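Fair warning: this is a prediction, and the values are worked out from it, not measured in the lab.
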Amino acid sequence: MQNEKLKSALVTALKKAATILPTDVVNALKSAEATESSKLAKEQLRAILRNIEIAREGSIPMCQDTGIQTFFVEAGVESPYLASLKSVIAEAVAEATVAIPLRPNTVHPFTGENPGDNLGRFMPYINWDLVDGDEVSITLLPKGGGSENMCALKMLPPGVGMKGIKEFVVDHVISCQGKPCPPTIIGVGIGGGADISMKLGKRAILREIGSRHPEAAVAALEEELLELINMSGVGPMGVGGRATSLAVHVEYAYRHPASLPLGILVQCWADRRARIHIAADDSIEVN
Amino acid sequence: MEREITLPAAEEMVRQFRVGDILYLTGKLFTARDEAHHLMLDRKTKGEEIPFDPAQMALFHCGPVVKKEGTGWRVIAAGPTTSIRMELFEDRFLADFGTKIVIGKGGMGDKTQAVLEKTGAVYTHYTGGAGALAAKAIERIEEVLWLDELGMPEAVWIFQVNRFGPLLVTMDSAGGNLYSELAKTIDRNKEKIHARIQE
């Protein structure tokens, strides 16, 4: 095992996420620009597409809010990296903050103190999933504050059913207007519990645009919610237009009969992600 | 209409700007988020001077990523932050300091709209997240103020910019407001959406 090599792969992934938008998101933005009829909306989408190009060519962050670095780790229980992964991730975040550079975003909630390296209590946050085997898959999500501020949790009375869920999701996305930098990607988590629905929603935004939930009923709900949201007219950056959201992804868990938790996770157009895979032969791949 | 503006912008000129106009600015911008507004208004209350004149520049709601290079700084990314957070004190800021062009994203509230009308100023929307595009139009950093006290995102950065835009005027001094116009359309659409859900 090679912690230095892993750290360098993590720094590469952090840089890739900050500077190069995944192809599925770029394609969705291009197609939104092509189908938009409002002049003001087109102008916003063109500025976004120019911005993405400048960031990619110059290897510079596409947005000044380089986010809070969040990691989703699927760790094989036999991986030799289990013990060191947490500290290597933190070291990589500190190094990337200077090297890329990233905006130092982590602050103490009481004092406002900023350590300057994007670290701090519980930061960077790591979601752990233990799986069989000795491989490790890491998904990195640098998420900006503007869209995170628009996330919502609603404990619905179960009696409202699917109609109630649809209404709450659509009303909430409309109420966000331009604040989360639309066109957005919406992650919806249903069931589980208050915390679980939010976690499911966040996991849902990690999925590629164009992917659908494997269960037909959930996939149909994703499509219907997207269509309903895009009937609203909020549009890119809230200046009016068709493309309020690029995708809606839904995940669910079984729930308590008395509870219907609904987590709505809002992701801005800068849906930055990178993945790292450590194979059994210790080779590390970033994409 | 599209307008090329050289700063400082006189009140008589800004009073002609209307919702839907697109501006490209050349001149000086200063960044100010929550903390910088607090600090400058606090100085004003105490009768203390601040080391630049906000009336000569455009106000940019932005917390940039900057990099130290030698003795100077370079802007890496500098898109707008959510403006509504500044609604708490923007009316007082514009009235006290005389800034005529505000740049941000997402729009502002009634208090700011009222002061735009009173002082002859506009609120303009810059594409959220377009930090790299913005950085390209920033020629240099003239000065940074209160960096140690406020930290990189909250400090006041003074930028010399060349054709900074496109900035869409969304709130003007004649009461024009893109957001409230749009809200009427969205409310009508919302009724249709609800009807469809209930089908």
Side-chain angles (χ1 to χ4, degrees), chain A residues 18-19 40 43-48 50-58 60-66 100-105 107 112-114 116 144-146 149 162-163 166-167 170-171 174 177-182 224 227-229 231-240 268-270, chain B residues 2 19-20 22 31 35 62-68 74-85 105-107 125-136 149-154 165-168 170 178-179 181-190 192-194 196-199:
Chain A
T19 59
L40 296 185
E43 183 87 52
Q44 298 304 315
L45 291 163
R46 282 181 189 155
I48 290 171
R50 274 205 304 280
N51 178 71
I52 291 167
E53 206 46 37
I54 293 167
R56 195 179 58 81
E57 281 172 5
I60 52 173
M62 67 190 79
C63 177
Q64 73 291 339
D65 186 353
T66 49
I100 298 174
L102 301 175
R103 193 170 75 183
N105 269 344
V107 292
E113 173 252 347
N114 187 330
N149 286 348
M162 286 313 283
K163 283 181 179 173
K166 289 175 196 171
E167 213 164 85
V170 176
D171 286 358
I174 292 175
Q177 297 172 312
K179 288 194 282 289
C181 285
E224 187 182 352
E227 198 188 327
L228 293 169
I229 287 168
M231 280 168 68
S232 69
V234 171
M237 294 297 155
V239 303
C268 64
W269 65 258
Chain B
E2 211 167 285
V19 164
I22 289 176
T31 68
E35 298 294 330
C62 167
V65 182
V66 291
K67 193 173 190 175
K68 188 120 204 177
R74 185 165 64 96
V75 180
I76 305 292
T81 193
T82 304
S83 296
I84 195 70
R85 296 200 312 273
K105 73 171 167 96
H125 159 100
Y126 188 57
T127 309
L133 182 68
K136 209 170 172 169
E149 290 165 76
L150 303 181
M152 188 196 290
E154 297 286 338
L167 303 175
L168 173 65
T170 54
L178 177 93
Y179 308 102
E181 282 308 306
L182 197 59
K184 292 175 202 156
T185 313
I186 292 171
D187 279 345
R188 281 196 300 274
N189 292 341
K190 205 163 138 178
K192 286 183 212 156
I193 295 170
H194 282 194
R196 246 198 55 188
I197 291 173
Q198 293 306 327
E199 267 171 22

Most chain B-contacting option - heavy-atom pairs closer than 4.5 Å, from [options]:
| options | answer |
| --- | --- |
| A/Gly240, A/Gly235, A/Gly145 | A/Gly240 |
| A/Gly178, A/Gly238, A/Gly233 | A/Gly233 |
| A/Met162, A/Lys179, A/Arg46, A/Met231 | A/Met231 |

Among [options], which residue has the highest count of heavy-atom pairs closer than 4.5 Å to chain A?
| options | result |
| --- | --- |
| B/Ser83, B/Pro153, B/Cys62, B/Gly151 | B/Pro153 |
| B/Gly129, B/Pro80, B/Ala183, B/Pro64 | B/Gly129 |
| B/His125, B/Lys192, B/Arg85, B/Lys190 | B/His125 |
| B/Leu178, B/Thr170, B/Val75 | B/Leu178 |
| B/Gly131, B/Gly106, B/Ala132 | B/Ala132 |

Rounded to the nearest 0.5 Å, what's the gap from [atom1] on [X] to [atom2] on [Y]? Could you check?
| X | Y | atom1 | atom2 | result |
| --- | --- | --- | --- | --- |
| B/Leu182 | A/Leu40 | CG | CG | 9.5 Å |
| A/Asn51 | B/Lys136 | CG | NZ | 10.5 Å |
| B/Ile197 | A/Glu167 | CD1 | CD | 5.5 Å |

How about [X] and [Y]: do any of their side-chain heavy atoms sit closer than 4.5 Å?
| X | Y | value |
| --- | --- | --- |
| A/Asn114 | B/Met152 | no |
| B/Thr81 | A/Asp65 | no |
| A/Glu43 | B/Thr127 | no |

By a 4.5 Å heavy-atom criterion (distance strictly below it), what part of [X] contacts chain B: side chain, backbone, both, or neither?
| X | value |
| --- | --- |
| A/Leu102 | backbone |
| A/Val170 | side chain |
| A/Ala270 | neither |
| A/Met62 | backbone |
| A/Val239 | both |

What heavy-atom pair brings [X] and [Y] nearest, and what distance separates the two atoms?
| X | Y | value |
| --- | --- | --- |
| B/Ile186 | A/Ser232 | CG1-O, 3.5 Å |
| A/Gly146 | B/Thr82 | CA-OG1, 4.4 Å |
| A/Ile54 | B/Leu133 | CD1-CD1, 3.5 Å |
| B/Pro166 | A/Arg50 | CD-NH2, 3.8 Å |
| A/Asp171 | B/His194 | OD1-NE2, 2.6 Å |
| A/Cys181 | B/Lys105 | SG-NZ, 3.3 Å |

Does any heavy atom of chain A fall under 4.5 Å from the side chain of B/Glu154, the backbone, both, or neither of them? neither
B/Ala78 portion near chain A, given a 4.5 angstrom heavy-atom threshold: backbone
Between B/Ile193 and A/Ile174, does the side-chain contact (heavy atoms from CB on, under 4.5 Å) criterion hold? Intermediate values first, please. CA-CA 11 Å; B/Ile193 295 170; A/Ile174 292 175; 4.1 Å; yes
Any donor-acceptor pair under 3.5 Å from A/Gln64 side chain to B/Gly79 backbone: yes
Give the C-alpha distance, both sets of side-chain angles, the deciding distance and a yes or no for salt bridge (charged side-chain N to carboxylate O under 4.0 Å, His left out) between A/Glu227 and B/Arg196. CA-CA 11 Å; A/Glu227 198 188 327; B/Arg196 246 198 55 188; 3.0 Å; yes
